[in-house]
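If you're wondering where the values come from, they're calculated on a predicted model, not measured in any experiment.
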Amino acid sequence: MAIKVVYENKAVGVTGNVTNTASDMQDFVDLTQLDDPNVVIKNYGTLEGNNWLLKDDVLILPDDLTSVGMGLWSTQMSNDDGSFDTPIVVTRTYNNTFTAPGVTLTFDTYNNTFADRVNVKWYRDSTLLYDNDYEPNSSVYFCEQNVVAYNKIVITLTHMNKASRFLKLWKIDDGIIREFYKDEILGLTISEGISDTGESLSINTMNLNLLSKSSVKIIFQRVQALKVYNDNELYGTFFVESSERTLNNYNLLTYDLVGMLDNNNFYGGIYNNYSAATLVSEICADLPYELDESFNSVLITGYLPIMTAREALMQVAFVLNAIVDTSRSDKIKIYPIPAYNALNLVEIDSDRAGNDSSELTEAPVTKIELTAHKYVVSVGDDGINTEEIYNDILNGPITSTFSNAHFNYSITGGTIISSSANHVTFTGTGGTVVVTSNYYDDKPTVYSSYNPLNTANSIPNVKQINNAYLVNASNVSSVMDRLEDAIYNTNTLDVSFILEDEKVGDYVQIETIEGTKTGQLININYDLSGNTIYANCTIREAYDGN
């Protein structure tokens, strides 16, 4: 196995928030290309001394360079000794403050031509934080300097490694991309899981122990991704929850993109035949996700209170009968729960299955009570009910939030700034402010299902699900069918086997010491630091009570 962990140790959010200027550049130069990861720069032939080799990858420079990837080209060439008559200065001014372990300069990698004498200054406003000289020895060079909260960098380039050459600076990255291989990875374990009932969204995790060969200290930022590869296949994307360092030894606890959803609040609202695809997009915001196209035409009706984005996505997935998972991916994948099919199981034969297995049988659930919700405008004997939200002296802005849905806000003595079903922000100028609104009532209905395997001697054990806010009369039947499959079967198996392509959610057939077992993989734990991937897994046996 070829294990690799890639960490982009970069300043977060720089793209679109930096302006570059240069003291010397050709007319065709577009300095925004220095920060655009999508720009591709090709090897164009020029009349620089000893530069145009007769190779297939050398291209004729186009007449029209509009939208052509070029990076920064200087107008002056280096002298016979490699120096410039006038130092070339690139200034980066940021719209915010950023933190990074240095700056990476990418020059002409086709011809290994680069500036070999560089000065970099980091500023916070007018305060000079660091002033360092560097002597690059390759066309991609990292200027190391851990800098916290800078908003300007001045890069001065005075000398090239070759005579009679333009400065060709292709990219500037605030930080560095680090790659760790098996000789630096002391331990790497991954846990993947799903909720078989859909009442929560499981968070995949990775524990990583690194012994870095580089003397450059690694600053692990919580919003920067660690990507794990096995034989160039992506095995997961994770974010640092905590890190511990002793010299060059790092121990990291990480979580996936579902865990990242916990960092964001979602303000919810009342939804009436609202596009599920649009709601998922609003919940995931700027986090990458992939929604199965079968959900594109699904409509959502119900209510979501203020909650974390993870909780909100769980509410949507619950009524979509969907799995939410990030296993072996760089995005949140949302797709239908696969149906059990005895003729289409992933087979794990005795050559891959371990010798040990254990079975857990929980107390049988005799009844499921699933509450469907209907949200209606609250009406009393005198018409639509009105609630007084605020009545006090107020000078300045304030926000009120609610645990039930409101609408039609009204204010006297102040100004409403913004509002939604779950909040209103308003301001006053020192006098009495009164805010009122109308609101919705929840009209719940409890639907019941009885376990067909109940007997006269069954001990009552009721599973109640009350807070699935998007369950309503139109979808309660499909949700109940899915819950019956998950809840009425109380047998789970802990097994081990050599992992190949199996993922959580798959239905598998595995050979155990007690014979052949079938069921759905709901948890997989494995270690990638060895030569073979042994997985410890939990399988919920297939339900056969229909």
Side-chain angles (χ1 to χ4, degrees), residues 7-26 29-37 39 70-76 78 82-108 114-161 166-178 214-224 240 243 245:
Y7 176 55
E8 293 191 1
N9 191 6
K10 294 183 177 182
V12 179
V14 166
T15 302
N17 289 299
V18 59
T19 301
N20 296 298
T21 60
S23 63
D24 180 354
M25 63 184 190
Q26 300 278 358
V29 167
D30 177 4
L31 291 177
T32 63
Q33 294 182 354
L34 294 176
D35 297 279
D36 189 342
V39 169
M70 301 297 291
L72 168 61
W73 282 37
S74 63
T75 59
Q76 59 180 313
S78 58
S83 65
F84 290 117
D85 288 336
T86 303
I88 299 172
V89 180
V90 178
T91 302
R92 293 168 63 77
T93 305
Y94 302 82
N95 295 342
N96 208 330
T97 56
F98 295 93
T99 296
V103 61
T104 298
L105 306 178
T106 300
F107 299 96
D108 181 359
F114 52 89
D116 58 2
R117 295 179 193 172
V118 176
N119 175 269
V120 183
K121 296 181 176 68
W122 286 267
Y123 292 85
R124 184 182 307 128
D125 298 327
S126 59
T127 301
L128 177 63
L129 302 176
Y130 295 97
D131 182 349
N132 295 348
D133 292 319
Y134 300 93
E135 296 183 358
N137 55 11
S138 66
S139 55
V140 179
Y141 186 80
F142 177 54
C143 302
E144 178 192 354
Q145 181 59 65
N146 288 317
V147 189
V148 176
Y150 63 88
N151 54 19
K152 186 171 77 170
I153 297 179
V154 177
I155 303 169
T156 303
L157 308 105
T158 59
H159 195 277
M160 296 290 290
N161 69 321
F166 294 113
L167 170 69
K168 297 174 186 175
L169 179 60
W170 289 353
K171 299 289 180 186
I172 301 177
D173 290 300
D174 292 77
I176 185 174
I177 298 177
R178 301 180 185 270
S214 172
S215 60
V216 178
K217 179 182 176 182
I218 308 171
I219 300 177
F220 288 104
Q221 301 186 64
R222 294 189 64 186
V223 291
Q224 291 286 27
V240 177
S243 62
R245 181 178 70 91

Between Ser74 (side chain only) and Phe166 (backbone N and O only), is there a donor and an acceptor less than 3.5 Å apart? no
Counting distance only, does the side-chain N/O of Tyr150 pair as donor-acceptor with the main-chain N or O of Lys121 below 3.5 Å? no
*asked:* Is any side-chain heavy atom of Cys143 closer than 4.5 Å to one of Asn132?
replied: no
Quick check: do Val39 and Lys171 have side-chain heavy atoms less than 4.5 Å from each other?
yes
The residue among Val140, Asn9, Ile177 that forms side chain to side chain contact (heavy atoms under 4.5 Å, CB included) with Thr104 is Val140
Task: Pair Gln76, Asp85: side-chain N/O donor-acceptor within cut-off below 3.5 Å - done: no
- Side chain proximity check, Phe107 to Leu167, heavy atoms < 4.5 angstrom: yes
#### Entry: Polar contact flag, side-chain donor to acceptor under 3.5 angstrom, Arg124-Asn151
no
Under 3.5 Å, is there a donor-acceptor pair between the Asp108 and Ser139 side chains? no
Q. Counting distance only, does the side-chain N/O of Asp173 pair as donor-acceptor with the main-chain N or O of Val103 below 3.5 Å?
A. no
Item to check | Aromatic plane relationship, Phe220 with Tyr7 - under 30° parallel, 30 to 60° tilted, over 60° perpendicular | outcome: tilted
| Side-chain donor/acceptor of Asn161 to backbone N/O of Phe114, under 3.5 Å | yes
Item to complete: Give a yes or no on whether Gln26 atom CD has more than 12 heavy-atom contacts from other residues, nucleotides or ligands under 6.0 Å away.
Response: yes
